[in-house]
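Heads up, the thing below is written out as structure tokens.
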Amino acid sequence: MYIESLELKNFRNYAEEKFSFSSGVNVITGKNAQGKTNCAEAVFYLCTGYSPRATRDKQVIRYGESSARITGRAATAYGTVNVDLTFLPDKKNVRINGVETLKMGELLGNINSVFFNPGELKLIQESPEDRRRFLDISLSQMDKKYFYALQRYKKILSQRNTLLKDENKDLIRDTLPIWDVQLANSAAVIVKARNEFLRLLSPYAKDAHGFITDGAEELEVSAGYRYEGGEEQIAEQIIEDLKESLEKNIALGYTTVGPHRDDLKIKINGEDVKIYGSQGQQRTAALSLKLAELEVFNFRFHEYPVLLLDDALSELDSSRRGRVLKRTEGVQTIITCTEEDDGFKNMEYKKFEISAGRIISGG
């Protein structure tokens, strides 16, 4: 899978520009605030329907304009895919191969990507929510069933939490069993998919980290939750836990069990990398997880997704940079950086130089 072309109109600081990418490594260079990250963001939008940094879609519309547009064409194992996103102040329109879709879930899986920038260190350094986000983005691209189950789960969870705050405790006890069955059924889909994903991801992450560190460090990734089995078994386990935690949940006013409480355990040489790892080790661990994610996509679909490395290599030493780049062979990779790195010397790549939202060389 690779993106052949990307067209931007009134997107961020781009008035109108077209990128024609190679199927291998693409390097986008330029000074800070010229539009390099905007390009990577646009590719991620094509794949997932949302931005890794904008809180509202209308923020991507170029100042003074009333709309923005991203158009991409990708070659996949199943044929050519054309995706068109139009941004208006109050909505976003999506067209796939010329057909408009009202469900964002239908966008997922057409063009897949793995994204990494310095902000992705949250995956290691910050809250369980950031690690769940990593799982959700990846699995939603791989499986629409997961995406829709996650949507249902969040909606039912919100309704359950609202009920738990009701002053009528008898009403809560009488009504909750109905919500719990629905919650558990959606949760079971999520948990089973996460379990299967992590069983694949963990050995790939260990292998990637060992390669990047030349065997100096061993990465271990495991789940911080305990539900196992098929969907029916998992749903039964969750319903039982919801029953057991009922009084506690009523007292607290929110739900304390379920996949919204999941976390990942990430260790280097047996130590929690969040607590004991240096920033360099944390960055390498996060990159290893992303490289492992590539392999899971390839295992599932027999083709690699697009890899987006947005200012992701600058903080690594030259040895680790070279090893990361070596690991991207056979993967369409879009790299943004302020200047070409020595690590690029021994590899073929297509270069784009950006200035003020314009391609001034390459492309």
Side-chain angles (χ1 to χ4, degrees), residues 24-34 36-37 39-40 44 52-53 113-126 130-131 134 201-221 264-296 304-354:
V25 176
N26 300 269
V27 178
I28 302 174
T29 67
K31 295 179 181 179
N32 290 328
Q34 300 305 302
K36 303 185 302 296
T37 291
C39 178
F44 193 72
R53 57 184 181 141
S113 69
V114 170
F115 177 86
F116 185 85
N117 73 0
E120 295 297 304
L121 278 176
K122 293 187 294 184
L123 169 59
I124 303 294
Q125 296 174 339
E126 297 189 18
D130 294 294
R131 288 177 283 282
F134 163 67
L201 183 83
S202 295
Y204 285 133
K206 179 179 179 180
D207 180 67
H209 196 84
F211 181 82
I212 295 172
T213 63
D214 199 19
E217 297 173 2
E218 183 172 313
L219 182 69
E220 178 186 350
V221 183
L264 296 180
K265 296 177 181 178
I266 304 171
K267 297 180 180 180
I268 290 180
N269 296 339
E271 300 289 348
D272 188 333
V273 67
K274 177 181 178 180
I275 300 173
Y276 299 105
S278 67
Q279 184 154 328
Q281 286 178 312
Q282 292 172 347
R283 182 180 297 273
T284 304
L287 264 169
S288 297
L289 287 172
K290 296 291 183 172
L291 293 174
E293 188 182 355
L294 289 176
E295 299 300 334
V296 176
Y304 285 102
V306 179
L307 176 62
L308 303 169
L309 296 177
D310 178 31
D311 193 28
L313 304 179
S314 60
E315 298 300 320
L316 296 176
D317 61 49
S318 59
S319 174
R320 293 193 179 193
R321 283 199 301 273
R323 288 178 176 276
V324 169
L325 291 171
K326 178 71 174 175
R327 200 75 178 189
T328 68
E329 290 181 358
V331 180
Q332 184 185 44
T333 306
I334 298 173
I335 301 171
T336 73
C337 54
T338 53
E339 58 186 16
E340 292 168 89
D341 187 271
D342 288 344
F344 299 138
K345 284 183 177 179
N346 299 318
M347 61 189 301
E348 293 185 6
Y349 61 94
K350 186 170 186 178
K351 177 186 172 182
F352 302 81
E353 186 175 358
I354 305 297

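Residues Ala312 and Leu287 share a closest heavy-atom pair of O-CD1, 4.2 Å. The two atoms that bring Val114 and Pro305 nearest to each other are CG2-CG, 3.9 Å, heavy atoms only. Nearest heavy-atom pair, Lys31 versus Lys36, reported as atom, atom and distance to 0.1 Å: O-NZ, 2.9 Å. Closest approach of Tyr349 to Val27, counting heavy atoms only: CD1-CG2, 3.5 Å.
Take Asp311 and apply the side-chain hydrogen bond (donor to acceptor under 3.5 Å, both in side chains) test, not counting sequence neighbours, and it matches Ser314. For Phe44, the ring-ring contact (aromatic ring centres under 6.0 Å, His included) test picks out Tyr50, Phe115, with sequence neighbours left out. Applying the side-chain contact (heavy atoms from CB on, under 4.5 Å) test to Arg327 and every residue at least two apart in sequence or in another chain returns Asp207, Ala208, Phe211, Leu291. The side-chain hydrogen bond (donor to acceptor under 3.5 Å, both in side chains) search around Lys326 returns Glu329, not counting sequence neighbours. With sequence neighbours excluded, the residues forming a side-chain contact (heavy atoms from CB on, under 4.5 Å) with Glu217 are His209, Thr213, Ile268, Asn269, Gln281, Arg320, listed by chain and number. Not counting sequence neighbours, the partners of Lys206 by the side-chain contact (heavy atoms from CB on, under 4.5 Å) test are Glu218. The side-chain contact (heavy atoms from CB on, under 4.5 Å) search around Glu271 returns Tyr276, not counting sequence neighbours. In this structure Thr336 satisfies the side-chain hydrogen bond (donor to acceptor under 3.5 Å, both in side chains) test together with Asp310, sequence neighbours excluded. Applying the side-chain hydrogen bond (donor to acceptor under 3.5 Å, both in side chains) criterion to Glu220, with sequence neighbours excluded, gives no partner residue.
Counting heavy atoms from C-beta outward, Ile334 and Leu308 have side chains that approach closer than 4.5 Å. Contact of the Gln125 side chain with the Gln279 side chain is registered, since non-hydrogen atoms from C-beta on lie closer than 4.5 Å. Counting heavy atoms from C-beta on, the side chains of Leu313 and Leu325 come closer than 4.5 Å. Between Leu289 and Ile266 there is a side-chain heavy-atom pair separated by less than 4.5 Å.
Of the inter-residue distances, the one linking Ile354 atom CD1 with Thr37 atom OG1 reads 11.0 Å to the nearest 0.5 angstrom. Rounding to the nearest 0.5 Å places CG of Leu219 at 5.5 Å from OG of Ser288. Interatomic distance, CG of Leu307 versus CZ of Phe116, reported as 10.5 Å (0.5 Å rounding). Here the NZ-CG distance, from Lys351 to Asn26, works out to 13.5 Å after rounding to the nearest 0.5 Å.
Formation of a donor-acceptor pair under 3.5 Å by the Thr333 side chain with backbone atoms of Val331 is found in this model. Between the side chain of Asp214 and the main chain of Ile212, no donor-acceptor pair closer than 3.5 Å is present. Of the possible donor and acceptor atoms, none in the side chain of Thr29 sits under 3.5 Å from a partner among the backbone N and O of Cys337.
For the salt bridge (Lys or Arg N to Asp or Glu O under 4.0 Å) condition, the pairs that include at least one residue of residues 273-294, sequence neighbours left out, are Glu120-Lys290.
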